[in-house]
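First up is the structure itself, then whatever we jot down about it.
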Amino acid sequence: MDVAVLGATGDVGRQVCAQLIERRVLPTTSRLQLVGRPGGASGRASYGLRADLIDAYDEHAPLIDVVLDPADVVADVIVLAAGRTAPARAGAVADRATLAAENQQVFAAYARAIAEHGSGHEVVVVVSNPVELAVATVAAELGRHRVIGMGAWLDTLRFRREIAVSLGLRRHRVGGFVAGQHGDDLVPLWSTVRVSGLDAEERARAVAGLRAGRSLDDFGAEITGAQTELAGLMADRPDRAFALVEGWLPDLRAVARPWLTHQSGAKTASATAAATVDLVDTVLDGREIVVAGQVVLDGEVTVGGRALHGVLGVPVVLGPEGWTRVILDEPAPDEARRLLASADRIDGLLAPWGLGRDGGAPGGGAVDRWDAGSSRATTGLAVAAAAGPERRWVMELTGDDRTGTLMALASVFASRGVSFDALRTADAQDGAGEITVTFTATERRQRLLIRTVARLQAVHAVRVRAAGLEDAR
């Protein structure tokens, strides 16, 4: 299984690459693509990053290559971390509208390239901001179940940690989710909180104590007030600013602490990458677990009597083919009100690109745009049908005459569900040998296999042709 990181040389992209290798999410036979832009600092840095990662993790690093053309991205999971980020300095104000206008073109370009040249089965984990806009843009091309934004999962982990700190526990003993929009419009779902070792009555008392009688109806004003107070301290007394956050309640800390970290100039790349790698690991491992993420909804869940459509952060089941279903019972009344308000604000953010829940589709149904409206936004079955019938192919390649070449070749085919019909090798000369493989696949899958094989370090050249009568024996 292979992973591509779009924007690999950015702060978060670098961390994602390093953590994928450090946590051994990718075995040595898998491939990590570092995707940058040609003709600039990003392109040069991509080659430098590759050398640095190999230098650091040579003993267990996967195959690492560099791609500077979106059309050459080949992976099972794609991490979208490209685009501009909000300025990280004291007093800086993030203009979401400007950020959205600049980054949407980046999102759209990558989405179109993946839709046109990809396998039709990639799962995209979105990191870039605004995450809701990126999810909507990519889902419009690939289909909504193959795209998930990691913002709600990062917010969830922060929320759990702050609860755990207040209770004197470690984070793994706390459950619960955050929904809504990533950032200041997040919705802490206190009604979903669970604490290992506490029964329902004990948990209710603990949650009531942590909330201190507050309602989420006032949460937005609390966040604004907290940021104003912290901004006054950050320029000259950052120590006091961070100390001040420690005395606040868990849900407010979950918003204020990362905001303050970003304002300090340190950014939040490590935590963001860790949450991203969690989701990548889940998809690659074949498990199905409940996480939180920004996804495109089409009425799967009802809140406050209203069926939700469009992009929103919610708890979902994530597995090897993307997200499959929403796991959200009717929230508490104050949670429902804030969640619906967050949905409306996201819809307003997406409206300029026609990606809101009404966005010009017949009846305003999201399914018309994100599942069937685009000729490229298809499910796996539709992709298989559009790719044409299977036929036999012959691939001839020149590769290193060394241990591991055939294993790497076999891994590429096996991870894509294609078997060898026949394999033949010729005598090696000058350290290189000829390998001929006959296999059966659709034309689209054949192109994907050839592009992937061509990037193996042990492969020098690859040629492919349709099998003829002379290949039948």
Side-chain angles (χ1 to χ4, degrees), residues 3 5-25 77 79-90 92 94 125-132 134-135 148-166 169-189 223 226-227 230 234 238 241-242 245-246 248 250-283 289 291-294 313 315 318:
V3 174
V5 180
L6 314 182
T9 61
D11 292 322
V12 174
R14 287 173 180 267
Q15 278 286 333
V16 168
C17 294
Q19 292 190 32
L20 283 169
I21 301 173
E22 282 182 353
R23 292 168 56 172
R24 308 202 180 193
V25 173
V77 180
V79 176
L80 175 54
R84 289 172 56 89
T85 60
R89 61 180 184 274
V125 178
V126 175
V127 180
S128 304
N129 281 310
V131 63
E132 293 81 13
V135 167
I148 183 170
M150 54 67 61
W153 183 236
L154 176 59
D155 293 334
T156 289
L157 293 174
R158 288 167 170 165
F159 181 48
R160 292 178 180 180
R161 176 184 177 271
E162 298 298 355
I163 292 173
V165 168
S166 292
L169 304 172
R170 300 299 297 270
R171 179 165 58 191
H172 68 272
R173 294 188 57 188
V174 177
F177 295 94
V178 169
Q181 186 175 15
H182 179 49
D184 296 352
D185 261 346
L186 62 77
V187 183
L189 298 176
I223 293 172
Q227 291 176 347
L230 292 173
M234 194 60 207
F242 279 97
V245 173
E246 297 295 336
W248 292 345
D251 49 5
L252 186 56
R253 293 202 306 267
V255 181
R257 197 190 302 275
W259 181 87
L260 186 59
T261 301
H262 193 78
Q263 288 274 308
S264 75
K267 303 186 179 180
T268 60
S270 298
T272 301
T276 303
V277 173
D278 282 349
L279 301 187
V280 173
D281 192 19
T282 297
V283 175
I289 67 169
V291 300
Q294 273 72 22
L318 180 65

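Positions are given from 1, in the same order as the sequence printed here. Any value given below was found using the heavy atoms of this structure, including those in side chains, with hydrogens, waters and symmetry copies removed. Because the structure is a prediction, the values reported are computed rather than measured.
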Taking side-chain hydrogen bond (donor to acceptor under 3.5 Å, both in side chains) as the definition, give me every residue that meets it alongside Asp184, ordered by chain and number, with sequence neighbours left out.
Gln227
I need the minimum non-hydrogen distance between Pro188 and Val178, along with the two atoms involved.
CA-CG2, 4.2 Å
Contact summary for Trp153 and Leu279, nearest pair of heavy atoms:
CD1-CD2, 3.8 Å
Side chain Arg14, main chain Thr9, donor-acceptor under 3.5 Å
yes
For Phe177, which residues count as a ring pair (Phe, Tyr, Trp, His ring centres under 6.0 Å) partner, sequence neighbours excluded?
none
Could you state the interatomic distance from CG (Asp281) to CZ (Arg24), rounded to the nearest 0.5 Å?
13.5 Å
Just by distance, do the side chain of Ser264 and the backbone of Thr261 share a donor-acceptor pair under 3.5 Å?
yes
Identify the heavy atoms of Gly313 and Ala152 that sit nearest to each other, and give their distance.
CA-CB, 4.1 Å
Is the count of non-hydrogen atoms from other residues, nucleotides or ligands lying under 6.0 Å from Arg84 atom CZ greater than 12?
no
If the condition is side-chain hydrogen bond (donor to acceptor under 3.5 Å, both in side chains), which residues does Arg253 pass it with, not counting sequence neighbours?
Glu162, Ser166
Is it the case that the side chain of Gln181 and the backbone of Glu132 share a donor-acceptor pair, with hydrogens and angles ignored and the cut-off at 3.5 Å?
no
Measure across Arg160 and Gly176 and return the closest heavy-atom pair with its distance rounded to 0.1 Å.
NE-O, 2.8 Å
Please find the pair of heavy atoms, one from Trp248 and one from Ala256, that lie closest to each other, and give the distance.
CZ3-CB, 3.7 Å
Rounded to the nearest 0.5 Å, what separates atom CG in Leu318 from atom OG1 in Thr282?
5.5 Å
Under the side-chain hydrogen bond (donor to acceptor under 3.5 Å, both in side chains) rule, collect the residues that match up with Arg171, sequence neighbours excluded.
none
Salt bridge (charged side-chain N to carboxylate O under 4.0 Å, His left out) partners for Arg158, two or more places apart:
Asp155
Quick one: are Leu20 and Val280 in side-chain contact, heavy atoms under 4.5 Å?
yes
Should Val127 and Thr272 count as side-chain neighbours, where that means a heavy-atom distance under 4.5 Å?
yes
Going through the checks in order, is the side-chain contact (heavy atoms from CB on, under 4.5 Å) test met by Val125 and Leu80?
CA-CA 6 Å; Val125 178; Leu80 175 54; over 6 Å; no
Quick one: closest heavy-atom pair of Ala82 and Ser128, and the distance?
O-OG, 2.5 Å
Side chain proximity check, Ile148 to Val135, heavy atoms < 4.5 angstrom
no
Rounded at 0.5 Å granularity, tell me how far CG in Asp278 sits from CG in Leu157.
6.0 Å
How long is the span from the CG atom in Asp251 to the CD1 atom in Ile163, to the nearest 0.5 Å?
8.0 Å
Check whether any side-chain heavy atom of Leu260 lies under 4.5 Å from a side-chain heavy atom of Met234, and answer yes or no.
yes
Check: Gln294 side chain, Gly180 main-chain N or O, donor-acceptor pair, under 3.5 Å:
yes
So, does Thr268 use its side chain to make a donor-acceptor pair with the main chain of Pro258 at under 3.5 Å?
no
Take Asp11 and Thr85 through the side-chain contact (heavy atoms from CB on, under 4.5 Å) test and state the conclusion after the steps.
CA-CA 10 Å; Asp11 292 322; Thr85 60; 5.8 Å; no
Using the rule given for side-chain contact (heavy atoms from CB on, under 4.5 Å), can you reason through Asn129 versus His182, listing the C-alpha separation, both sets of side-chain angles and the distance that settles it, and then say yes or no?
CA-CA 9 Å; Asn129 281 310; His182 179 49; 3.7 Å; yes
What distance separates Arg257 CZ from Leu230 CG, expressed to the nearest 0.5 Å?
11.0 Å
Gln15: side-chain hydrogen bond (donor to acceptor under 3.5 Å, both in side chains) partners, not counting sequence neighbours:
Gln19
